[in-house]
Every structure is written in C-alpha cells, then in structure tokens.
Amino acid sequence: MNKTNNKDISGTQAFVRFGMGIFDCIFMIGLLVASTNNNKQRIGDLVADSVVIDINK
C-alpha cells in the first residue's frame, strides 16, 4: 500500500520494492533496518514509500 495516499502501489514502486530486496538479503541489513524502524518497514518499503498491511487485524 502506498504510504502517502493509502492506495495500491504503482508498478514502479513494486519494482523498486522488489529490487531493494537484494540489499535486504545479501547484506542482511534489512533485519536491522526493520527492527529499528517504527513501522517495521524493510529497505524496499522505505525506498518505495510503501507499507505492508495486515487485513486480518
């Protein structure tokens, strides 16, 4: 979900979010970033200005 306007993310945002997963996995800094971030966002979410929501809550 787009963090700015609460709508679905664009294709570009999805691509950036997915692409940044390389940094999360290879350098293992994604866990550190997500654990110190208030919204528990990983690097891809921060760069793409997106947030994951839990529809079951």
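Throughout, residue positions are numbered sequentially from 1 according to the sequence presented.
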Shared ILVMFWY cluster between [X] and [Y], side chains joined below 4.5 angstrom?
{"X": "Val16", "Y": "Leu46", "answer": "yes"}
{"X": "Ile29", "Y": "Val47", "answer": "yes"}
{"X": "Val33", "Y": "Met20", "answer": "yes"}

Do the non-hydrogen side-chain atoms of Asp8 and Met1 ever get within less than 4.5 Å of each other?
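A side-chain contact under 4.5 Å is absent here.
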Rounded to the nearest 0.5 Å, what's the gap from SG on Cys25 to CG on Leu31? Could you check?
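Those atoms lie 11.0 Å apart.
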Distance-minimising heavy-atom pair for Ser50 and Gly44
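Closest heavy-atom pair between Ser50 and Gly44: OG-O, 4.4 Å.
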Would you name the heavy atoms of Ile9 and Gln13 that are closest together and state the gap between them?
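Answer, listing the atom of Ile9 first, then Gln13: CA-OE1, 3.3 Å.
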Any donor-acceptor N/O pair, Asn37 side chain to Asn39 backbone, under 3.5 Å
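Present.
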Would the distance check show the side chain of Arg17 and the main-chain N or O of Val51 forming a donor-acceptor pair, the cut-off being under 3.5 Å?
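Side chain of Arg17 to backbone of Val51, a donor-acceptor pair under 3.5 Å: no, none is there.
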Show your working on side chain to side chain contact (heavy atoms under 4.5 Å, CB included) between Asn6 and Asn2 and close with a plain yes or no.
CA-CA 5 Å; Asn6 294 330; Asn2 189 321; over 6 Å; no
